[in-house]
Trainee: 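Dropping a structure here in structure tokens format, bear with me for questions.
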Amino acid sequence: MLNKLWGAMIVIGIAVAAFQGKIGNVGTAAIDSSKEAVMLCITMLGVMSMWTGIMNVAKKAGLIDAMTRALRPVLRFLFPDIPREHEANEYIAANIIANVLGLGWAATPYGLKAMAALREWQKENGETGNVASTDMCTFLIINISSLQLIPVNIIAFRSQYGSVNPAEIIGPAILATVISTITAVIFCKFAQKLTN
């Protein structure tokens, strides 16, 4: 569906440019944008590699395990049906930690592993089919709301595009993500009560 939407927007844009006699501008913009996209990817690759490496060092040093233990009351509140020692808790905690540190890209592998572990937990409980469990939906909503203390990706984008003070986004980002996370938690708890 998304491919069709993007394809339609590209075709419409080219048609409008041709109709207005600005098809040359489309070609120039496509080349300039391609060059800019490659430069942005190189910048973000460096940032992502650094923070993913830091997360791996933190995991090997035992910091992720310590943070997971610290997050247990939160995980118990959000995911009351998952047993304490289930591997899904570790992946969910690592995902939350990565998101709090603003490492959305580093959080993705943990999120995928958490969903796989939640799916296995669902199968262990005899639930079959392709319907997401309440815990899966809760995790997805919490992941999307993404409380962030350091919005690393946005700071990197702002730096790439020449912002005088790329880190000035930290305050508004914390406020916005705190509100979105509180809203997500309230929604999830309300939805859990409706489904039980």
Side-chain angles (χ1 to χ4, degrees), residues 1-59 91-92 94-116 118-119 130-132 136-184 187-188:
M1 178 65 186
L2 226 75
N3 290 340
K4 292 177 183 174
L5 179 64
W6 281 109
M9 288 182 2
I10 290 169
V11 168
I12 290 169
I14 291 171
V16 168
F19 182 73
Q20 293 179 346
K22 298 182 179 178
I23 197 73
N25 293 353
V26 172
T28 304
I31 292 169
D32 290 346
S33 297
S34 299
K35 181 174 72 173
E36 190 174 320
V38 169
M39 293 304 295
L40 183 61
C41 285
I42 291 169
T43 300
M44 295 312 291
L45 178 65
V47 171
M48 187 182 93
S49 298
M50 180 187 78
W51 284 105
T52 302
I54 288 172
M55 284 292 287
N56 284 332
V57 169
K59 182 157 181 59
Y91 295 132
I92 292 169
N95 177 273
I96 290 171
I97 292 163
N99 275 325
V100 166
L101 295 175
L103 312 174
W105 291 347
T108 301
Y110 293 116
L112 294 173
K113 288 179 181 178
M115 278 300 213
L118 289 171
R119 179 69 177 138
N130 294 324
V131 177
M136 289 173 150
C137 293
T138 300
F139 172 67
L140 186 61
I141 292 167
I142 296 300
N143 184 47
I144 291 169
S145 71
S146 185
L147 172 64
Q148 288 188 11
L149 297 180
I150 309 165
V152 174
N153 294 337
I154 301 301
I155 292 171
F157 283 131
R158 289 172 55 87
S159 176
Q160 173 73 19
Y161 289 108
S163 174
V164 177
N165 186 2
E168 73 182 345
I169 193 73
I170 291 175
I174 290 173
L175 179 63
T177 59
V178 164
I179 291 170
S180 69
T181 301
I182 290 171
T183 304
F187 175 80
C188 289

Trainee: Any salt bridge (charged side-chain N to carboxylate O under 4.0 Å, His left out) pairs touching residues 37-47, not counting sequence neighbours?
Mentor: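 Matches after skipping sequence neighbours: none remain.
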Trainee: Leu45: what forms a side-chain contact (heavy atoms from CB on, under 4.5 Å) with it, not counting sequence neighbours?
Mentor: Ser49
Trainee: Please find the pair of heavy atoms, one from Ile155 and one from Ile169, that lie closest to each other, and give the distance.
Mentor: CG1-CG2, 3.9 Å
Trainee: Show which side-chain atoms of residues 3-31 pair as donor or acceptor with protein atoms under 3.5 Å away, not counting sequence neighbours.
Mentor:
residue: Thr28; atom: OG1; partner: Gly24; partner atom: O; Å: 3.1

Trainee: Please, which pairs that meet salt bridge (charged side-chain N to carboxylate O under 4.0 Å, His left out) have at least one residue in residues 163-180, sequence neighbours excluded?
Mentor: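 Applying salt bridge (charged side-chain N to carboxylate O under 4.0 Å, His left out) to every pair that reaches into residues 163-180, excluding sequence neighbours, yields Arg158-Glu168.
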Trainee: Nearest 0.5 Å, please: how far is OG1 in Thr138 from CD1 in Ile141?
Mentor: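 Reported value, rounded in 0.5 Å steps: 6.0 Å.
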Trainee: Can you list everything that forms a side-chain contact (heavy atoms from CB on, under 4.5 Å) with Leu147? Sequence neighbours excluded, please.
Mentor: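 By the side-chain contact (heavy atoms from CB on, under 4.5 Å) rule, Leu147 matches Val100, Thr177, Val178, Thr181.
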Trainee: How many angstroms lie between CD1 in Ile144 and CG in Asn99, if you round to the nearest 0.5 Å?
Mentor: 10.5 Å
Trainee: Out of curiosity, Asn165 CG to Ser159 OG, how far, rounded to the nearest 0.5 Å?
Mentor: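 Reported to 0.5 Å precision, the distance equals 10.5 Å.
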Trainee: What heavy-atom pair brings Ala107 and Asn95 nearest, and what distance separates the two atoms?
Mentor: O-ND2, 2.9 Å
Trainee: List the residues meeting side-chain contact (heavy atoms from CB on, under 4.5 Å) with Ile97, not counting sequence neighbours, and say none if there are none.
Mentor: Met55, Ile64, Met67, Leu71, Leu101
